[in-house]
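Only a predicted model underlies this, so the values are computations on that prediction, with no experimental measurement involved. First the proteins, then the strands, lettered A, B, ... as listed; each starts at 1.
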Amino acid sequence: MTAPFGRRLCQVSESRATGGYRLFSLIDTDGPEPLPGQFYMLASERHWEQGGQRPFLPRALSVAETGPAADGVRLDFLIEGIGPGTDRLCELQPGESVCVNGPLGNSFSTPRELHQISGPPGRKFDAVQPSGAILVGGGIGIAPLALLRRSFAAKNIPTRVLLGFRDAAHSGGLDELFSCCEIRLASDDGHAGHHGYVTDLLAAMLEGDDAASAAVYSCGPPQMLEAVGAMCAEAGVACELAMESPMACGYGACFGCSMPKPGGGYLRLCVDGPVVRPDQVELAHA
Amino acid sequence: MTAPFGRRLCQVSESRATGGYRLFSLIDTDGPEPLPGQFYMLASERHWEQGGQRPFLPRALSVAETGPAADGVRLDFLIEGIGPGTDRLCELQPGESVCVNGPLGNSFSTPRELHQISGPPGRKFDAVQPSGAILVGGGIGIAPLALLRRSFAAKNIPTRVLLGFRDAAHSGGLDELFSCCEIRLASDDGHAGHHGYVTDLLAAMLEGDDAASAAVYSCGPPQMLEAVGAMCAEAGVACELAMESPMACGYGACFGCSMPKPGGGYLRLCVDGPVVRPDQVELAHA
Amino acid sequence: MPDFCGIELKHPVINASGTFDAIAARRVYGEALLADFPFSAFVSKTITPEPRVGNEPQRIWETPAGMINSIGLPNKGLDGFLAEDLPQLADLPVPLIVSVMATGHDEFARLVKGVGERDEVAAIELNVSCPNVHSGLIVGEQPAETEALLEALRPLTSKPLLVKLTPNVANPAEVAAAAEQGGADAISLINTLKASAIDPATGEPGIAAGHGGLSGPAVRPVAVAQVRAVAAVVRIPIVGMGGISHGTDAMEFIHAGASLVAVGTENFRDPRAGNRVAGEIAGALRADRSGAPIGDTA
Amino acid sequence: MPDFCGIELKHPVINASGTFDAIAARRVYGEALLADFPFSAFVSKTITPEPRVGNEPQRIWETPAGMINSIGLPNKGLDGFLAEDLPQLADLPVPLIVSVMATGHDEFARLVKGVGERDEVAAIELNVSCPNVHSGLIVGEQPAETEALLEALRPLTSKPLLVKLTPNVANPAEVAAAAEQGGADAISLINTLKASAIDPATGEPGIAAGHGGLSGPAVRPVAVAQVRAVAAVVRIPIVGMGGISHGTDAMEFIHAGASLVAVGTENFRDPRAGNRVAGEIAGALRADRSGAPIGDTA
Ligand SMILES: Cc1cc2nc3c(=O)[nH]c(=O)nc-3n(C[C@H](O)[C@H](O)[C@H](O)COP(=O)(O)OP(=O)(O)OC[C@H]3O[C@@H](n4cnc5c(N)ncnc54)[C@H](O)[C@@H]3O)c2cc1C
Ligand SMILES: Cc1cc2nc3c(=O)[nH]c(=O)nc-3n(C[C@H](O)[C@H](O)[C@H](O)COP(=O)(O)OP(=O)(O)OC[C@H]3O[C@@H](n4cnc5c(N)ncnc54)[C@H](O)[C@@H]3O)c2cc1C
Ligand SMILES: Cc1cc2nc3c(=O)[nH]c(=O)nc-3n(C[C@H](O)[C@H](O)[C@H](O)COP(=O)(O)O)c2cc1C
Ligand SMILES: Cc1cc2nc3c(=O)[nH]c(=O)nc-3n(C[C@H](O)[C@H](O)[C@H](O)COP(=O)(O)O)c2cc1C
Ligand code: FES
Ligand code: FES
């Protein structure tokens, strides 16, 4: 499946606040349904490129949910305003148009696929039947995991969800995107769930009997992904991470999104990712 | 009377379409009441300086009407969208804020003042008591004449108003700004009033007995101002023109708004104008 | 149908080197890319004699109406390019221009010969924004160095040689004239302006390398001035670039004396920018023809 | 309280030459201008030995995140400046820096002597973006020309001499080092980038002179890179400018090595930009102090 060539205009159908973040929906009349982990390059049609300062380039956003709409596909994005680009996208009003390029990038594997790829001879997880998925999200990084969870549910893949938040003001999307599923929460300030890091929850889970046959999927701040990657490597558990890097184009044109590879050299996160296995990248440099 | 130092934010209280143009009002809580002929440098507070292209500099607009408001002074502007800056100002919605610098520039003289300045010994109009004012406006140039007419009315200066428009789509501001006064219209396409140029009406009027003792005030397209200036010089009638030139700053800082003077050299239209007598500038080069 | 150095092109818009990877784009967009290929000729990313992995990230930084990049010319080297990339680029529906850079005449010669002998290649662009390892000088900053390089390379291929100028000089027209004198068939300009930005969060440069090259609409006025200056002194055709986002921008370059224009940074914002700008130029030319006469756009 | 070449300043923000006319502004804004003067020192528009009326309009052209100007240095000449402008500028509540330009050593000497002997003047800025009528070379493009000029002028006054560099060179640091060598007390940069734009309505340059100088946020990345490069080679203080609109922009220059910053084009958008940026810098420095350590900003 490829993305439609070129950027197209999609209308905003909804936009609302959720726990410090915003959730907005676009109606895409021309693109395919995206896969979990894929992203879009977005820029508001108006008041993006006129004026004297930033933003200038489009911004990468993971699709958090999708579904059929009357006239195409609905795309939901969960967004945190941290600068001029995300601030402008947080302001989107229903009826406004957005320049859209995508869906872009690769997508998450199923636990079975991941075990096939990740399992070199001698690693303990490659023989067993995968016992299911563990999704580990932090902050705004919960976005791509929402769509992943639903896709696993549709495939009857047993899935456990661990989400971490800094505080109540950074717990956006929780109710909207994970309403009908069992999740375990962690929060830095203890306002909900475990008082501490979501990786504490993962550590406990990785001590379980069936852990080695599970597959871990994670998205969140770089330090969290580094920890998750290290814990999975230690435990010999298959793992995929959805990562971020600075992106100008999103389709392999600019070479700006490079991530160091363990053996030297770089991969382009936009076309070789954004979903990578911990052994594909130098996590400490990310 | 000086302008408040610096730019300040003023709220848009109204904005509506009028015959192809827009008329919008700002509430200025800090500035003085402007004089007829003065202008402001305006830029929308939001979506002006963010993004990758123009507009970048503020835009000059003449004040078309003013009056007391609950919390300061109401400023009305009549505007034609002809490029990125004016287009953005045309989009202003009530409640939005605008960066305002002004009132700037000089203002129109009364016929008596003008006769005193313009009348060198031997010119026929300097001895007589001025018979009144003739206002000649073209297109968007009618804006500063609206306020001038009302100020002359308040001073009991007899005033005749001649306005010209290209066509119905370029007749904005007419009803709003000149509702309660007697005017003669001309239109290039004959949709209203005299079928032809407003300068035809002026020519007829300058043939009248009392013409020499009148004072002409004009604002409009450069060719029209050149014609008005020439006709008044020919007829020996005192005249003031409100002119335009490219302005980056509006307060004498950039030297971008220069207009050639007849003897050589340039004046800065923002501080030495925008109201000038035809003998102060090389009209053919304007 | 512009004729450019004997190459017939469907429209006057090509891509700027290093701003469109047709191989990656084909993976992303599939065959629609070829059906609707945005450029009338394709310029490769600059290749060097040996493979390069490119610079350490952070490599890009957004700036007012533009961006800084310090990508560091990642490429597979001459052999890797010929073996792996060229066959795929040969599939494109448009002529191929290969951009090359080296740090000495011998190395440059190896690139020009290796690339020039391939039928898939229509022309070669010499990226001269590089130091000469022998003189230590940036070739494209010195008229004499540029002329000497062209004289050395000119006999090695019958393919058109374009020279891509650096804008970071006091007098680009002198360098262009030297390139023409040395035998160049066309001049392309501008490359990026030397630039830096400081990350407010750290007080350190936002680009890991400390500085990089500025591109995008911010540089367009500099590019238009340089194209005008070069057009005043050379007779060979000019490929104008630097901040072209729309047809009106491209028309600035055409009026300034460019025969072709190249779209660079705008590709990142709109993958179909090439096609779009070509259509906008056609519209502008139609409007111009119906009104006042404009400069020669052949 | 920055100390700049022995001049005590209230804050690190001055104006860029030619972007604020304090005499005209006082007419427009009255005594409020003096009460709330936006700059910690005032730099005059560049004066020349003889009066100049300036260039034919159109003189300015808006561009993405910036503008082109070709004003042509209108000024009253040395005598007119001393007689008419200096007494009024002496009223300002801040030290005065007079910017001067000439096309030869003798003429430059006349300006430096004439201005330097006046008590109202705290320092002199040499605008070297001008041709030397004898050599035909632009002084500020040539390290040797710049050094020779400084050596000629240095003995003529005890006032601090600032050298304002042109950015239209391959290597501004070389010119800065030559200026320091010649006896300059400070370097200011950048002046405007050579630029042009075509009016879509006519196909002709929007600026009557054909080209002019680019300023505003668009050039900031170029300016920051040049300030970094110059700071790496000189020990004298640097006045950084080019596209400063906000305190964060100014902080880029301070981190890059500037002691003072100058606000230029932003004055056109906000007459109080100087004050505002000074306040924003103070805020940023406070925030920096409470967090991670940053570079020296003295
Ligand atoms: C594949 C992918 C998926 C993503 N998915 C999501 C998502 O679902 N939701 C979401 O909220 N975000 C997501 N992001 C992150 C989002 O794209 C960034 O937050 C956004 O690009 C920031 O832009 P900005 O203008 O708001 O902030 P910027 O000002 O660009 O700031 C972002 C960071 O960039 C750096 N920076 C500062 N100034 C500059 C500058 N001038 N130029 C360049 N960098 C600068 C700083 O380190 C700053 O912290 C995703 C990113 C990627 C790559
Ligand atoms: C004292 C004064 C009073 C005024 N009063 C009014 C008023 O009451 N109402 C009103 O509607 N207008 C008024 N104007 C005119 C108004 O300021 C201009 O129409 C406005 O500045 C145009 O800006 P823009 O961005 O919309 O158009 P621009 O794109 O700036 O176009 C305006 C003209 O500028 C030229 N131009 C094109 N491109 C550029 C460019 N890149 N940079 C610079 N120039 C370019 C062209 O010749 C074009 O026709 C007044 C002007 C002055 C000086
Ligand atoms: C990310 C990026 C990579 C580039 N890589 C190259 C390159 O490999 N070779 C080259 O000659 N120019 C390269 N350039 C310069 C462009 O070809 C072009 O000259 C410049 O960006 C100006 O055009 P623009 O403003 O339209 O981008 C690169 C530019 C960018 C932004
Ligand atoms: C309208 C205008 C006039 C200028 N006049 C002068 C001048 O007389 N002398 C000078 O040294 N620099 C002059 N400059 C350059 C500025 O001092 C400054 O170096 C440049 O504009 C970059 O700063 P900015 O981007 O903040 O404007 C002028 C700039 C502008 C925009
Ligand atoms: S974002 Fe441009 S190559 Fe990946
Ligand atoms: S508009 Fe700047 S000096 Fe008149």
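- Looking only at distances, no side-chain donor or acceptor of Ser25(A) sits under 3.5 Å from a matching main-chain atom of Asp76(A).
- For a residue to count as touching a neighbouring chain, one of its non-hydrogen atoms must lie under 4.5 Å from one of that chain's; by this rule Glu62(C) touches chain A with backbone and side chain alike.
- Contact tally against chain C (heavy-atom pairs below 4.5 Å) for Leu104(A), Asn101(A), Val271(A): the top residue is Asn101(A).
- For chain C, the option among Gly250(A), Pro246(A), Gly265(A) with the highest count of heavy-atom pairs below 4.5 Å is Pro246(A).
- Counting non-hydrogen atoms of neighbouring residues, nucleotides and ligands closer than 6.0 angstrom, the CD atom of Glu80(A) exceeds 12 such neighbours.
- Annotation: side chain of Thr166(C) is not in contact with side chain of Val128(C) (no heavy-atom distance under 4.5 Å).
- Rounding to the nearest 0.5 Å gives a distance of 4.5 Å between CZ of Phe77(A) and CG of Leu42(A).
- Chosen from Arg268(A), Met41(A), Met247(A), Lys261(A), the residue pairing most often with chain C at heavy-atom distances under 4.5 Å is Arg268(A).
- In this structure, Ser97(A) OG and Leu26(A) CG are separated by 9.5 Å, a value rounded to the nearest 0.5 Å.
- With chain C as partner, the option from Cys257(A), Gly252(A), Gly6(A) having the largest number of non-hydrogen pairs under 4.5 angstrom is Gly6(A).
- Proximity to chain A is limited to the backbone of Asn55(C), based on heavy atoms less than 4.5 angstrom apart.
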Exercise. Give the intermediate values and the outcome of salt bridge (Lys or Arg N to Asp or Glu O under 4.0 Å) for residues Asp188(A) and Arg166(A).
Key: CA-CA 5 Å; Asp188(A) 298 6; Arg166(A) 241 177 298 166; 5.6 Å; no
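- A donor-acceptor contact shorter than 3.5 Å links the side chain of Gln93(A) to the backbone of Glu91(A).
- Taking the ring centre of Tyr266(A) as origin, the terminal cationic atom of Arg59(C) falls inside the region bounded by 6.0 Å and 45° from the ring axis.
- Interface check for chain A: of the options Asp270(C), Val53(C), Ile71(C), Asn267(C), the most heavy-atom pairs under 4.5 Å are formed by Asp270(C).
- In this structure, the portion of Thr265(C) lying under 4.5 Å from any heavy atom of chain A is its side chain and not its backbone.
- Aromatic ring orientation, Phe39(C) versus Phe42(C): tilted (interplanar angle from 30° to 60°).
- In this structure, Val275(A) and Ser107(A) have side chains that are not in contact, with every pair of non-hydrogen atoms separated by 4.5 Å or more.
- Interface residue Arg59(A): only side-chain heavy atoms are found under 4.5 Å from chain C.
- Neither the backbone nor the side chain of Pro103(A) has a heavy atom closer than 4.5 Å to any heavy atom of chain C.
- Along residues 60-69 of chain A, no residue comes nearer than 4.5 angstrom to chain C, judged on non-hydrogen atoms.
- Asn69(C) places none of its side-chain heavy atoms less than 4.5 Å from the side chain of Cys254(A).
- Each of Pro271(C), Pro57(C), Ala24(C), Pro74(C) has some count of heavy-atom pairs under 4.5 Å with chain A, and the biggest count is that of Pro271(C).
- Considering only heavy-atom pairs separated by less than 4.5 Å from chain C, the leading option among Ala3(A), Ala43(A), Pro58(A), Gly85(A) is Ala3(A).
- Counting non-hydrogen atoms of other residues, nucleotides and ligands closer than 6.0 Å to NZ of Lys45(C) gives a total above 12.
- With a 4.5 Å cut-off on non-hydrogen atoms, Ala248(A) touches chain C through its backbone and its side chain both.
- Interface remark: Leu57(A) contributes backbone and side-chain atoms alike to the contact with chain C (heavy atom separation under 4.5 Å).
- Listed for the Glu120(C) side chain is no donor-acceptor partner under 3.5 Å among the backbone atoms of Leu89(C).
- Between Pro278(A) and Leu283(A) the shortest side-chain heavy-atom distance falls below 4.5 Å.
- Interface remark: of the candidates Arg52(C), Arg27(C), Glu31(C), Arg27(C) forms the most heavy-atom pairs closer than 4.5 Å to chain A.
- Residue Asn106(A) does not touch chain C at all, counting heavy-atom pairs closer than 4.5 Å.
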